[in-house]
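Everything below concerns the one structure shown next.
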Amino acid sequence: MGPLTALEEAFRRFAIHGDTRATGKEMHGKNWSKLCKDCGVIDGKSITLTDVDIVFSKVKKKSARNITYDEFKTALAELARKKYKDKTGEEAEAEVFKLIEGKAPVIAGVTVRMKDTSKFTGSHKERFDPTGRGKGKAGREDIVDTSGYVSGYKHRGTYEKKVNKPTVGKPM
C-alpha cells in the first residue's frame, strides 16, 4: 500500500477518533457525523445532520454498522450532489473533498463549557468575578460585612453624602 492521499488520511483520523480498538479501515456512524460537522459539510440549509445520517444508512451494507473508505467516497459523492446543485458531479465531489482533505477531529466542547464561568449558577457563580478570574479566598468564605448595610443594598455609602450635604449659598 502506497502513501495515503489527504482524503484517505482524513478518513483514517476520523475513523479512529474516540475508539481505541478502531483500525482506521472502517468508520462508525457517529464519526461520520462528526467528520461532516467538523469539516463544514453540514451547513444547516442544503445539508443537515439528518441528511448525513440517511446517506450513511444508504451506503453501508444492510447488517453493517460501519462504512469502508469506498463507501465513504460514495456517501461524499451523494452529499456533494445535494450541497452543490449548480455544479457537475465531478466538480461537486472535488469541492466536498477539498473541505475534508487534511482535516482532523476537533476536540473541544466539554472542557471549554466547564471553564465558561458565565454559565455557572448558585454558589459556584460567587467564586468568580465577571471576567472569569477566581476571587480566591473571598469567593470561598463568607466574609463578615460590618458596614451596617443589608447585603445586596445598591446605594451603600450614600447616606453620609445625603446627611452631610455642603450648604453652599444657603443662609442659616
Side-chain angles (χ1 to χ4, degrees), residues 1-136 138-140 154:
M1 204 167 143
L4 297 174
T5 65
L7 188 65
E8 285 174 299
E9 184 60 33
F11 171 83
R12 200 185 63 69
R13 282 187 192 134
F14 278 94
I16 62 173
H17 177 71
D19 187 1
T20 53
R21 294 173 306 194
T23 60
K25 298 198 183 339
E26 291 185 326
M27 183 181 288
H28 199 276
K30 177 179 62 105
N31 290 2
W32 161 251
S33 298
K34 181 164 181 55
L35 177 137
C36 291
K37 268 189 224 145
D38 289 0
C39 296
V41 176
I42 295 175
D43 55 12
K45 295 180 189 83
S46 60
I47 296 195
T48 62
L49 189 59
T50 308
D51 297 323
V52 167
D53 289 339
I54 290 169
V55 168
F56 182 83
S57 295
K58 264 192 219 174
V59 299
K60 73 177 179 61
K61 292 177 185 73
K62 270 275 190 263
S63 62
R65 299 178 77 192
N66 298 332
I67 57 171
T68 63
Y69 179 68
D70 293 328
E71 291 168 333
F72 166 74
K73 282 175 68 172
T74 308
L76 283 181
E78 199 161 318
L79 287 177
R81 285 193 294 277
K82 189 168 176 150
K83 187 173 177 84
Y84 301 104
K85 290 183 177 101
D86 54 336
K87 296 188 177 182
T88 64
E90 286 90 42
E91 286 176 340
E93 279 180 44
E95 288 292 322
V96 170
F97 290 173
K98 271 188 223 159
L99 288 174
I100 294 167
E101 286 172 351
K103 295 276 176 61
V106 176
I107 303 166
V110 178
T111 54
V112 174
R113 280 196 314 266
M114 288 174 76
K115 292 178 183 175
D116 186 3
T117 56
S118 67
K119 306 262 189 292
F120 289 0
T121 59
S123 62
H124 304 292
K125 190 179 208 169
E126 302 302 318
R127 295 184 56 199
F128 298 90
D129 65 8
T131 63
R133 290 188 46 126
K135 291 182 182 175
R140 288 191 304 274
K154 291 184 180 87

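What you see is a predicted model, and the numbers here were worked out from it, not measured in a lab. Numbering starts at 1 and runs along the sequence shown.
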TODO: Report yes if the side chains of Asn66 and Lys25 come closer than 4.5 Å at any heavy-atom pair, otherwise no.
DONE: no
TODO: Specify the closest pair of heavy atoms between Lys83 and Gly40, including all atoms of both residues, with the distance to one decimal.
DONE: NZ-O, 3.4 Å
TODO: Please report the closest heavy-atom contact between Leu7 and Glu101, naming both atoms and the distance.
DONE: N-CG, 3.8 Å
Open item on the list: Measuring from atom CD of Glu26 to atom CG of Asp19, what distance do you get when rounded to the nearest 0.5 angstrom?
Closed with: 11.0 Å
Task: Salt bridge Glu95-Lys98, side-chain N to carboxylate O under 4.0 Å - done: yes
- [ ] Find the distance between CG (Leu76) and SG (Cys36) and round it off to the nearest 0.5 Å.
- [x] 6.5 Å
TODO: Identify the two heavy atoms, one from Ser33 and one from Asp53, that lie closest to each other, and give their separation to 0.1 Å.
DONE: OG-OD1, 3.1 Å
- [ ] Give a yes or no on whether the backbone of Phe14 and the side-chain of Lys34 come within a donor-acceptor separation of less than 3.5 Å.
- [x] no
TODO: Examine distances only and state if a side-chain atom of Glu71 and a backbone atom of Thr68 form a donor-acceptor pair shorter than 3.5 Å.
DONE: yes
Task: Pair Arg13 + Glu9: basic N to acidic O under 4.0 Å - done: yes
- [ ] Find the distance between OG1 (Thr5) and OH (Tyr69) and round it off to the nearest 0.5 Å.
- [x] 4.0 Å
- [ ] Apply the side chain to side chain contact (heavy atoms under 4.5 Å, CB included) test between Leu35 and each candidate in Ile100, Val52, Leu99; give the one that qualifies.
- [x] Ile100
TODO: Check whether any side-chain heavy atom of Tyr84 sits under 4.5 Å from a side-chain heavy atom of Glu91, and report yes or no.
DONE: no
Task: Nearest non-hydrogen partners of Ala15 and Ala22, listed with the distance - done: O-CB, 3.6 Å
Open item on the list: Working to the nearest 0.5 angstrom, can you tell me the gap between Arg65 CZ and Lys60 NZ?
Closed with: 9.0 Å
Open item on the list: If I take atom CD1 from residue Ile67 and atom NE2 from residue His28, how far apart are they, to the nearest 0.5 angstrom?
Closed with: 11.0 Å
Task: Parallel, tilted or perpendicular: ring planes of Phe11 versus Phe72, cut at 30 and 60 degrees - done: tilted
- [ ] State plainly whether the residues Asp51 and Lys82 are in salt-bridge range, i.e. N to O under 4.0 Å.
- [x] yes
Task: Approximate separation, where rounding is to 0.5 Å, of Lys37 NZ and Ile42 CD1 - done: 6.0 Å
